[in-house]
Number of protein chains: 2
Amino acid sequence: MTNFSVSSEPEREGGCGRMVRMSSKDRREELIEATIRVLVRDGVARATTRAIAAEAGVTLGVLHYCFTSRAEILEEAAKRLTDRKAAAAREAFASGADLRASIARSLRTFWTGVQAAPGEEQVGYELTQYALRNEEFEQVAQHQYEHYLDVHQEFLEAAARSAGVEFTVPVPALARFVNSTLDGLSMCWLVDRDGKRAEEVLDLLTDYLVSCVAPAG
Amino acid sequence: MTNFSVSSEPEREGGCGRMVRMSSKDRREELIEATIRVLVRDGVARATTRAIAAEAGVTLGVLHYCFTSRAEILEEAAKRLTDRKAAAAREAFASGADLRASIARSLRTFWTGVQAAPGEEQVGYELTQYALRNEEFEQVAQHQYEHYLDVHQEFLEAAARSAGVEFTVPVPALARFVNSTLDGLSMCWLVDRDGKRAEEVLDLLTDYLVSCVAPAG
DNA sequence: GTCTATAAGGAGATAGAC
DNA sequence: GTCTATCTCCTTATAGAC
């Protein structure tokens, strides 16, 4: 084991001095996190290898020592972003006996998250579009939507179960409905920043979902 | 008036011969249409000045003679795409005494359009994202959503009027709801191409909209 | 008006010194 | 392992010949 960190001092950001020695695994880790920061802050088009290396405080050579290509590091970062977003959504689940209250609370929590971190929403859409135009990234977009649809379906099922009701329409379709409405609503809000109207839409969505249940049996 | 077309023969695509003389206005026109074709086919990132010039069958110099920058030509093309899409959506309006039937038919027509021209949907989202990352394009995204929201509001109002009913919820919010759901649904379909599930969502949306009305009075 | 040639800069990737 | 220097390619934009 010769690849280990010889110092506990943090990385220098400027990259002006000599770098701390670090295992390739840790380096990759740092670079992926740097990529995520650049993606969220500046977008996919500006997440160049140079920008990523600078953000991580390493030189271009180091990046290419740890990753074979820009595509590889972008893909890693995209998957991690998706998983993190899906996990955050699961955290936001609220359930209880009152179906309307748990749906309303979950949607509010989701919406607070979007408003707090618009860049993360944005980069999600950018990555989807990027994946649709670059065949080698196709799985990235599919990974996104598989997970998002799963999360919404779990959310609906958990809410219904806690409230002792069941949906009268197919839950996978309803999950796609919810995912679509929230996706589109976020995009629209990113453009016109009309938070009041957006919350009205969330209320309408809540009403609709509540109308789709019947007592379990 | 020395700027006029001296020949009726069509442009050569290869750009290998001498170009037909054409007024600057007609040239701009041709170049904007070429830009739209490249945008739809290859996406925003690949709509370079070279790709556009090649598509129009002119040299780079000609493009820069007609437009000061790539930004200018992209902006023109984006606005035209948006207006065209909004106009197409208005064409799809169906109204009649049966509210459910007219909503269902309008949504089907919309959906047929998405499936027939996925590239146009895609470039719409790309342009939104591009605009959100480039301040000088901010108005492009705002132009898009203003128009789309208007179209959906007009659609809802026309459908309700023809059926002799009125909505029990604020129509601007409902328009945003419909726009969001359709936007998100299209994106999701672009990724997983699950047309069956998508149509189920359209049916759910139809149900919901029908449930939002009461007899006019 | 049209076109070639080129400037000027940014990109991904790599070779090779240390 | 790290870093500099560089290759090669592609971009936008422009100057100047025809």
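Here is how names work: the chains are called A, B, and so on, in the same order as the sequence lines, proteins then strands, and each is numbered from 1. Reckoned from all heavy atoms, side chains included, excluding hydrogens, waters and symmetry mates.
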Exercise for review: Output every pair passing salt bridge (Lys or Arg N to Asp or Glu O under 4.0 Å) with a member in residues 105-114 of chain B, not counting sequence neighbours, ordered by first then second residue.
Suggested key: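 Every salt bridge (Lys or Arg N to Asp or Glu O under 4.0 Å) pair that includes a residue of residues 105-114 of chain B, provided the two are not neighbours, is B:R108-B:E199, B:R108-B:D203.
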Check your understanding: Does B:H147 have any ring-ring contact (aromatic ring centres under 6.0 Å, His included) partners at least two apart in sequence or in another chain, and if so, which?
Key ->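 Applying ring-ring contact (aromatic ring centres under 6.0 Å, His included) to B:H147 gives B:H143.
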Check your understanding: B:Y208: what forms a ring-ring contact (aromatic ring centres under 6.0 Å, His included) with it, not counting sequence neighbours?
Key ->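 Applying ring-ring contact (aromatic ring centres under 6.0 Å, His included) to B:Y208 gives A:Y208, B:F177.
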Using a 3.5 Å cut-off and no angle test, enumerate the donor-acceptor pairs between side-chain atoms of residues 119-127 of chain A and protein atoms at least two apart in sequence or in another chain.
residue, atom, partner, partner atom, Å
A:E121, OE1, A:Y125, OH, 3.0
A:E121, OE2, A:K85, NZ, 3.4
A:Y125, OH, A:D183, O, 3.1
A:E126, OE1, A:V44, N, 3.3
A:E126, OE1, B:R133, NE, 3.3
A:E126, OE1, B:R133, NH2, 3.1
A:E126, OE2, B:R133, NE, 3.0

Practice item. Any chance you could list the contact pattern along nucleotides 12-18 of chain C? Use B for base contacts, S for sugar-phosphate-only contacts and - for none, protein heavy atoms under 4.0 Å, 5' to 3'. Key: BBB----
Mind calculating the distance between [atom1] ([X]) and [atom2] ([N]) to the nearest angstrom?
| X | N | atom1 | atom2 | answer |
| --- | --- | --- | --- | --- |
| A:R28 | D:dG1 | CZ | C1' | 16 Å |
| A:L63 | C:dA11 | CG | P | 13 Å |
| B:D26 | C:dG1 | CG | P | 10 Å |

Point to revise | Of the listed nucleotides D:dT4, C:dT2, C:dG1, the one nearest the side chain of A:T59 | key: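 So the nucleotide nearest the side chain must be D:dT4.
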Check your understanding: Of all the choices, C:dG1, D:dT2, D:dG1, which nucleotide is nearest to the side chain of B:S24 once you look at every atom?
Key ->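 In terms of side-chain proximity for B:S24, the closest of C:dG1, D:dT2, D:dG1 is C:dG1.
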Exercise for review: Give a yes/no answer on whether the side chain of B:R46 brings an N or O atom under 4.0 Å of OP1 or OP2 in D:dC10.
Suggested key: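 No, B:R46 has no side-chain N/O under 4.0 Å of OP1/OP2 on D:dC10.
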Point to revise | Pairwise ring pair (Phe, Tyr, Trp, His ring centres under 6.0 Å) hits with a residue in residues 22-46 of chain B, at least two apart | key: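 Applying ring pair (Phe, Tyr, Trp, His ring centres under 6.0 Å) to every pair that reaches into residues 22-46 of chain B, excluding sequence neighbours, yields nothing.
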Review point. Should the pair B:R80-B:E75 be classified as a salt bridge under the 4.0 Å nitrogen-to-oxygen rule?
Key: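 No, this pair does not count.
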